[in-house]
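See structure below.
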There are 4 protein chains.
Amino acid sequence: MTAPEPTRERILAAAEELFAEKGFDATPTSRIAARAEVPKGLVHYYFARKADLLEALVERLPRERIDRAAVVVPGDVEASLCRLVAVLDALLDSSAVLSHLLWREADTHPAVRDALHQRFDALVAEIRAVLAESGATGDVDSAAMLLASAVSYRHSVFRHAAVESAARTDMTPELRFLAAGLTSSAPARPGPA
Amino acid sequence: MTAPEPTRERILAAAEELFAEKGFDATPTSRIAARAEVPKGLVHYYFARKADLLEALVERLPRERIDRAAVVVPGDVEASLCRLVAVLDALLDSSAVLSHLLWREADTHPAVRDALHQRFDALVAEIRAVLAESGATGDVDSAAMLLASAVSYRHSVFRHAAVESAARTDMTPELRFLAAGLTSSAPARPGPA
Amino acid sequence: MTAPEPTRERILAAAEELFAEKGFDATPTSRIAARAEVPKGLVHYYFARKADLLEALVERLPRERIDRAAVVVPGDVEASLCRLVAVLDALLDSSAVLSHLLWREADTHPAVRDALHQRFDALVAEIRAVLAESGATGDVDSAAMLLASAVSYRHSVFRHAAVESAARTDMTPELRFLAAGLTSSAPARPGPA
Amino acid sequence: MTAPEPTRERILAAAEELFAEKGFDATPTSRIAARAEVPKGLVHYYFARKADLLEALVERLPRERIDRAAVVVPGDVEASLCRLVAVLDALLDSSAVLSHLLWREADTHPAVRDALHQRFDALVAEIRAVLAESGATGDVDSAAMLLASAVSYRHSVFRHAAVESAARTDMTPELRFLAAGLTSSAPARPGPA
DNA sequence: TATGAATGAGGCTTCATTCAT
DNA sequence: TATGAATGAAGCCTCATTCAT
């Protein structure tokens, strides 16, 4: 009744850190073993191939659910967006290493790539739901798509704290702009022409 | 009148392709030499360290200038945005491998990271200029930032032709949404509160 | 009851031979592996850097102790010196390859250089002790220093059996000369003037 | 009528320095060219093989002649020895890099080894001559041999200024000891028994 | 006489992976 | 379940040497 697989978990945690720090290719399994403080052979005992570590990490990805009740301010689209972005920022930061990792390895590992796309689509859906519940009218789909892009971009590129850039500032102006487009009597998104 | 450095250029071109295909770490210099059809030693004759190839590629990045006169439709923000995105798509696709490469290696190579941020800022500025010249009013800055994010995101992530995703479709709805927010008598972006 | 680390030892022995034959820089690790009859990777498994081989060899240096009781002939300095030199010759020949190696690599490897100086000082001390116990009087220090130089020189330079030179002959005349200076009522070495 | 071969000489001088600093094997010809400030191809134009540089350096070795008239103090063996060692120290220091080099490469390059032995024999002869002219009696050969060893040893091993060791002090006690053995009515060196 | 691009062998080292225990 | 020695392929890089100009 002890923790079920402490060693296997320690190995995964070490791999997650190192992959995020240096990338998959630049991380030797020996270093993973060292950081996990397990003998080298044990890594390959649990994960026969190095790529298996990556897939296990992807499967372990938390399915981040947003508590929409705590985010939506009915009737106030802008306030809802602000609270949503705050929650998303916190969520994405909490699994920052994993997200980071996904971006880097998406090209060469199909499993990772698929997970990444899936996450983006889930994010768009989440934003759309918040907009709808907060009473947004107009082209909710486009706004959701734009916001999802901006949020994802921030978290994928501007993860280097040292860098100052136009995009590193807070997003309230953009949110206000989006909200403005969704509050007036704007037309809904037209179907694909 | 022939190209001044055919071999050096061939090596760079081969490196660009392979780095984009497989990533920096996963590309052996021997394969670069093979694709460039030069002996292995010549790669290191021109680029002492493998990382020098990366830096040379970044320096070679075309400073993409947009011919604004051919893009801006005065008085029609939406049309201007459509033409702008078309031009941007063409531009980014022409240097797709390089862009792709930047995204992957930004973390581990500072020179690459800086180039990436610089490119994003230039993109935002370009969009802003097009909006201004096409007669947009309102929070031009926020709109430029959102559009730059969306365009960048498309080109960095959705480069896998095989993948179908919500974001892989054309952007006209989003552009229409943005244009709508910039056409009415919307207020300009407020300064930092 | 077999040797505890046969492979590691075999690698060290092979390295010792080859370094002495050709020098450190001119000996590829692949040849060390070949002579030790182990796969190439095993050399680097035990000794991550090539220089580690050198340091391990230095640490393995036998601390040659002389059995003074078997050397000293009380009251007969010349006889004592003759027997001492015979013992030293045997000792140095037994670790000839290592000594040889030290001389060559002392410049570039501090650890080796220090070991070399330490050995010389130990040799001087040993000679001094033998002289004292055999009843030498006079400037024992100077004689010890001269003899240590001559012995060391012989073993470091005149190790090429093929070479005939004035110094390759036996040392009995020199020993007789030294003994003569230490037998009469000669004054002890003066302190630094 | 300009200096006959300034470039060739510059190359040799650069090679001498670098060989002494790092050793023959560890010195690339490209670095020699760099230090000599000549293009890389020129080194191999003058010296087809790298080893030719070494042989040219050995041939360039100055045949150090000692001005015995300025050294010998007739009737005072100890004073003569002191002045001799002072002159030898100066001489050997002036060609220190070359001497240093000889010691390191003697094993693998026969031409160097022969030059080294030749130098030692010349040194012994020189000392013997000084002793004879200063009126030494007794076993002049052994004393010359011992002193030559000690001087050579000092210059070959104790070239590392940073190292403090018993042998790094001045040699006057040893010289006094030797002189004492050559001043009394000591018997001449006997022939090989 | 001078040059520097070109060449390829080979050096050191890393590392995923296997396997006997 | 756990271990670490063993293996060898392959990577990056160095460098003497050649050669066309």
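In the text below, chain A, chain B and the rest are named by the order of the sequence lines, each starting its count at 1.
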Problem set entry | Rounded interatomic separation in angstrom, taking CG from L42(D) and C1' from dT17(F) | 15 Å

For this session: State, to 0.1 Å, how close K50(A) and T29(A) come at their nearest heavy-atom pair, and which atoms those are.
Result: CG-CG2, 3.8 Å

Problem set entry | 5′-ward residue of the pair K40(D)/D25(A) relative to DNA chain E | K40(D)

Problem set entry | Rounded interatomic separation in angstrom, taking CG from L54(A) and P from dA16(E) | 13 Å

Exercise. Starting at CZ of R49(A) and ending at P of dA16(E), how long is that distance when rounded to a whole Å?
Worked result: 12 Å

Exercise. Y45(D) has a side chain; which of dA6(F), dA2(E), dC12(F) sits nearest to it?
Worked result: dA2(E)

Seminar exercise, completed: CZ of R35(D) to CD of E17(D), rounded to nearest 0.5 Å, is 5.0 Å

Problem set entry | Base-pairing string, 5' to 3', of DNA chain F - Watson-Crick or wobble, under 3.5 Å, | interstrand | .||||||||||||||||||||

Exercise. In whole Å, what is the span from the NE2 atom of H44(B) to the C1' atom of dG11(E)?
Worked result: 13 Å

Seminar exercise, completed: Only residue of V112(A), L18(A), L54(A) satisfying side chain to side chain contact (heavy atoms under 4.5 Å, CB included) with F24(A) is L54(A)

Problem set entry | Side-chain heavy-atom pair T7(B), Y46(B) within 4.5 angstrom cut-off | yes

For this session: Provide, to the nearest angstrom, the distance between the CG atom belonging to L53(C) and the C1' atom belonging to dG11(E).
Result: 14 Å

Seminar exercise, completed: Taking for T27(C) and for P39(B) the nucleotide of DNA chain E with the nearest heavy atom, the one nearer the 5' end belongs to P39(B)

For this session: Measure the distance from CZ on R31(D) to P on dT14(F) and round it to the nearest whole Å.
Result: 10 Å

Problem set entry | I32(B) CD1 - dA10(F) P separation (whole Å) | 17 Å

Seminar exercise, completed: Of S30(B) and P28(D), the one whose nearest nucleotide on DNA chain F sits closer to the 5' end is S30(B)

Problem set entry | dG11(E) OP1/OP2 closer than 4.0 Å to side-chain N/O of T29(C) | no

Exercise. Rounding to a whole Å, what distance do you find between Y46(C):OH and dC12(E):C1'?
Worked result: 20 Å

Problem set entry | Any side-chain heavy-atom pair of F19(A) and E105(A) under 4.5 Å | no

